[in-house]
Every structure is written in C-alpha cells, then in structure tokens.
Protein chains: 2
Amino acid sequence: MQNSEAMALSAALLAVAGELTHRINEGVVARGFEGVRPAHGFAFARLAPGGATVTDLAAHLGVTKQAASQLVDEIVRKGYAERRPHPQDARARLVVLTEQGWACTRAAEEAAAEAVGAWVELLGEGEMSVLRDQLARIAPHGPLRPAW
Amino acid sequence: MQNSEAMALSAALLAVAGELTHRINEGVVARGFEGVRPAHGFAFARLAPGGATVTDLAAHLGVTKQAASQLVDEIVRKGYAERRPHPQDARARLVVLTEQGWACTRAAEEAAAEAVGAWVELLGEGEMSVLRDQLARIAPHGPLRPAW
DNA sequence: ACCGGTTGGTCAAGCAGATTGACTATAGGA
DNA sequence: TCCTATAGTCAATCTGCTTGACCAACCGGT
C-alpha cells in the first residue's frame with residue numbers, strides 16, 4: 001500500500017471517529033443529560049460492570065490518577081456516580097454508577113445505535129457486520145486515548 | 001442491530017482511532033520532528049495542497065479562528081510553515097508549508113503506512129481494501145473533530 | 001510483630017490549548 | 001460613498017490535565 005493511501009485511510013478513519021463521538025454526545029445531550037462530555041462516556045463504560053477504582057479508571061483512560069479523580073469529582077457532583085468504601089481495600093474507594101448514571105449510559109447506547117444506523121443505510125447489513133468484525137480484530141487492548 | 005452491539009462497534013472504532021493517532025504521532029517524533037502534536041498533522045493536511053487562510057483552517061479543524069491562529073503561530077515558530085500575504089485579499093494571509101513542513105508531512109505518511117501495515121497482517125490485503133472502501137463511504141464531509 | 005517498600009488517593013500549583021469579547025483593516029455590494 | 005460582512009489579531013479567562021508532595025493502608029520478608 002502506498003503511503004498516500006495509508007494517509008487517506010487514516011484520515012477517513014479519524015474523521016469517522018470524530019463524527020461518531022460528536023453524534024453520540026449530541027444524542028446524549030438531546031436526551032436531557034446536560035454537562036456531559038465524551039470522556040465521561042468512556043468512564044461510564046469502565047464503571048458499568050461493577051464499579052472501578054480511580055486508579056483503574058486512570059489506566060483505562062490513559063491519564064494520571066489525579067485527572068481521573070477530578071473527572072470522578074465531576075460526575076459525582078452531577079449525580080452520575082458515587083464513591084463507596086472498597087469492600088476489600090480500605091485505601092481504595094469504589095466508584096459506582098447511580099441510577100442516573102445508568103440512564104445516561106442507556107442514552108449513549110441509543111445515540112450510538114442511531115449514529116451507527118446511518119452507516120447501515122450506506123453500507124447495508126452485510127457489510128456492516130464485516131466492518132464490525134474487522135474493527136474488533138484490529139482494536140488494541142491498551143488504554144483508550146483521546147484522538148488528538 | 002442491538003444498542004449494545006452499536007456501542008461495542010463504537011468503542012472498537014474509537015479505540016482504533018486513538019491508537020492510530022498515537023502511533024502516527026510516535027512515528028513522526030521518532031523520525032526527528034519534535035514538538036509536533038497530532039492536531040498539527042491535520043493542519044498540515046489542509047495546508048498541503050497550496051496553503052490556506054487561518055479562517056479555512058479554523059473551519060477545517062472545527063475550532064475558533066483564534067485557536068487556529070495560535071496553532072499557526074506555533075508551527076510558524078517551529079519552522080513548519082510561514083505566513084505570506086494573500087494574492088487576492090489584502091486582509092487575509094496565506095499560510096503555506098515550508099520545506100520542513102513538507103518533510104514532516106512525508107514522515108507522517110510513512111508513520112501512517114507503518115501503523116496501517118500492522119492491520120494488513122491481521123486482516124490481509126483483500127479485507128484491507130474492503131475496509132478502506134467502507135470507511136471512505138461513511139466518512140463525513142464536515143470539520144475534523146477531536147475524538148474527545 | 002514489625003518494618004520498609006509499594007500502592008490508592010488527595011491536595012496544591014502550574015501549564016497548555018481553547019474560548020469569549022473587543023477591536024482594526026479590508027472587501028464588496030446597494 | 002456608505003454600510004455591512006469578513007480576515008485577522010490582542011487580551012483575558014476557563015477548563016482539563018500534568019507534575020510534585022504528601023498521607024494512609026496494604027503486604028512481603030524477617
């Protein structure tokens with residue numbers, strides 16, 4: 001593959017990612033959740049299964065734990081999560097979603113389905129499942145990084 | 001498609017985009033271009049064809065023109081671009097890449113090819129061209145937005 | 001049991017990138 | 001010739017993140 005093709009592919013991918021993020025965020029806001037930023041969604045995704053510590057979250061988001069702690073402060077203040085004592089470790093605190101946090105997560109899923117649905121119109125169901133499979137195969141396992 | 005599938009697809013796409021951005025930037029830095037941020041690459045892409053005004057850049061990057069102007073200040077200071085009087089409009093200034101700017105752009109293309117090359121190992125040539133085609137079809141035409 | 005190093009979390013200060021607001025100079029149509 | 005829209009900059013401010021310092025709790029070896 002030529003370098004210029006790789007660049008065009010990269011640009012398309014990043015444009016799609018940026019647009020997707022924007023649409024999901026718009027959709028969440030449109031559903032009545034104000035003051036949420038895209039980064040919160042990634043935090044919610046990590047918190048959802050059963051809570052997480054600030055350090056877990058920091059590693060997941062690829063930021064310092066101070067930054068993660070500030071983000072938690074913010075979503076706690078806005079009512080999306082709460083800090084609880086950690087059952088096994090007295091130093092740690094388990095951050096878990098509140099009911100409002102779950103509602104916001106569901107709203108994000110709906111918004112994502114809406115945005116992705118637009119692609120189905122362009123690609124068709126068959127190619128969409130191919131795309132999903134391909135992305136799953138090349139997705140990294142490291143921390144989620146902001147695109148730029 | 002279920003909401004949870006859309007969310008998984010979105011997460012995979014954003015993870016891939018974040019990783020790609022990170023790798024391209026790493027590759028550019030490794031080739032000796034210091035003090036460059038991912039956002040600069042998107043600016044370079046817009047400047048490359050024949051220069052652009054600050055206002056063009058602002059629209060392309062989806063930021064205010066003050067922010068775009070500051071970014072131009074930075075890449076000018078670092079020697080990647082220069083401001084010239086605009087041939088048609090005395091108010092405007094045409095920002096064009098210097099030779100160093102072109103070199104950096106080529107380095108970014110190489111880094112992109114390297115990063116994308118890793119996917120070829122996972123998907124094979126055939127599926128890669130499918131992916132390229134699919135992304136090109138769903139890529140938006142609006143401004144490039146930071147992923148989060 | 002205790003001690004030393006590691007780990008989870010917060011406080012505080014500072015920085016970098018972006019925004020809003022105000023302003024000047026040129027463009028361009030009525 | 002106005003009058004408005006546009007290109008660009010200056011200045012102040014905000015926000016999210018980083019670095020650095022610190023305390024409390026865990027845990028392995030002795």
Side-chain angles (χ1 to χ4, degrees), chain A residues 18 21-22 25 29 34-44 46-47 50-78 80-96 143-148, chain B residues 18 21-22 25 29 34-44 46-47 50-78 80-96 143-148:
Chain A
T21 303
H22 183 71
N25 200 55
V29 171
E34 291 181 25
V36 263
R37 288 178 293 122
H40 296 154
F42 294 96
F44 287 8
R46 182 67 187 78
L47 296 179
T53 65
V54 165
T55 301
D56 285 340
L57 213 47
H60 182 66
L61 298 176
V63 297
T64 60
K65 46 186 191 169
Q66 290 91 327
S69 186
Q70 286 177 17
L71 191 145
V72 169
D73 285 344
E74 191 183 343
I75 62 178
V76 165
R77 179 162 34 82
K78 290 175 179 168
Y80 295 109
E82 57 186 29
R83 295 184 210 251
R84 295 191 184 164
H86 194 288
Q88 273 88 39
D89 191 335
R91 294 170 303 176
R93 308 174 71 177
L94 198 59
V95 182
V96 297
L144 266 58
R145 307 169 189 281
W148 70 89
Chain B
T21 303
H22 182 70
N25 199 55
V29 171
E34 291 181 24
V36 264
R37 287 179 293 121
H40 297 153
F42 295 96
F44 288 7
R46 181 69 187 76
L47 296 179
T53 65
V54 164
T55 301
D56 286 340
L57 258 185
H60 182 66
L61 298 177
V63 297
T64 60
K65 46 186 192 169
Q66 290 91 327
S69 187
Q70 285 177 23
L71 191 145
V72 169
D73 285 344
E74 191 183 342
I75 61 179
V76 165
R77 178 162 35 82
K78 290 176 178 167
Y80 295 109
E82 56 187 30
R83 293 182 211 253
R84 295 190 184 165
H86 194 288
Q88 274 87 41
D89 190 336
R91 293 169 303 175
R93 311 175 71 178
L94 198 59
V95 182
V96 297
L144 266 57
R145 307 170 191 282
W148 70 88

> When the distance from CZ of A/R93 to P of D/dC26 is rounded to whole Å, what number comes out?
Replying inline: 14 Å
Please enumerate all protein N or O atoms sitting under 3.5 Å from an N or O of nucleotides 13-16 of chain D, with distances to 0.1 Å.
{"residue": "D/dG16", "atom": "OP1", "partner": "A/R37", "partner atom": "NE", "Å": "3.0"}

> In B/S/- notation, 5' to 3', how is nucleotides 22-30 of chain C contacted by protein heavy atoms closer than 4.0 Å?
Replying inline: ---BBS---
> What bend angle does the helix from C/dA1-D/dT30 to C/dA30-D/dT1 show across its length, from five-pair end axes and to the nearest 10 degrees?
Replying inline: 30°
> Does anything in residues 85-96 of chain A pair up under side-chain hydrogen bond (donor to acceptor under 3.5 Å, both in side chains), and if so which pairs, sequence neighbours excluded?
Replying inline: A/D89-A/R91
> Would you say the side chain of A/V54 lies within less than 4.5 Å of the side chain of A/R83, judging by non-hydrogen atoms?
Replying inline: yes
> Roughly, in whole Å, what's the span from CG in A/L57 to C1' in C/dT7?
Replying inline: 17 Å
> Are any of A/R83's side-chain N or O atoms less than 4.0 Å away from OP1 or OP2 of C/dG8?
Replying inline: no
> B/E74 pairs by side-chain hydrogen bond (donor to acceptor under 3.5 Å, both in side chains) with which of B/R77, B/K78, B/Q70?
Replying inline: B/K78
> Which of these passes side-chain contact (heavy atoms from CB on, under 4.5 Å) with A/H40: A/L71, A/L47, A/N25?
Replying inline: A/L71
>> Ignoring hydrogens, what is the shortest heavy-atom contact between B/T21 and B/P38? Give both atom names and the distance.
In response: CG2-CB, 3.6 Å
> Rounded to the nearest Å, what distance is computed from the NE2 atom of residue A/H86 to the P atom of nucleotide D/dC26?
Replying inline: 11 Å
>> Categorize A/T53 for me: base, sugar-phosphate, or nothing, with a 4.0 angstrom heavy-atom threshold over every strand shown.
In response: sugar-phosphate
> Rounded to the nearest 0.5 Å, how far does CD1 of B/I75 lie from CZ of B/F44?
Replying inline: 5.0 Å
> Do any pairs count as a side-chain hydrogen bond (donor to acceptor under 3.5 Å, both in side chains) and have a residue in residues 51-69 of chain A, sequence neighbours left out, and if so which ones?
Replying inline: A/T53-A/D56
>> Please tell me if B/T64 has a side-chain N or O lying less than 4.0 Å from either OP1 or OP2 of C/dA18.
In response: no
>> Between A/L57 and A/V95, does the side chain to side chain contact (heavy atoms under 4.5 Å, CB included) criterion hold? Intermediate values first, please.
In response: CA-CA 9 Å; A/L57 213 47; A/V95 182; 5.5 Å; no
> With a non-hydrogen cut-off below 4.0 angstrom, is B/A67 in contact with a base, only sugar-phosphate, or nothing?
Replying inline: base
> Does A/L71 or B/S69 map to a spot on DNA chain D nearer the 5' end, using the closest nucleotide for each?
Replying inline: B/S69
> Mind checking what makes side-chain hydrogen bond (donor to acceptor under 3.5 Å, both in side chains) contact with A/E82, not counting sequence neighbours?
Replying inline: A/R84
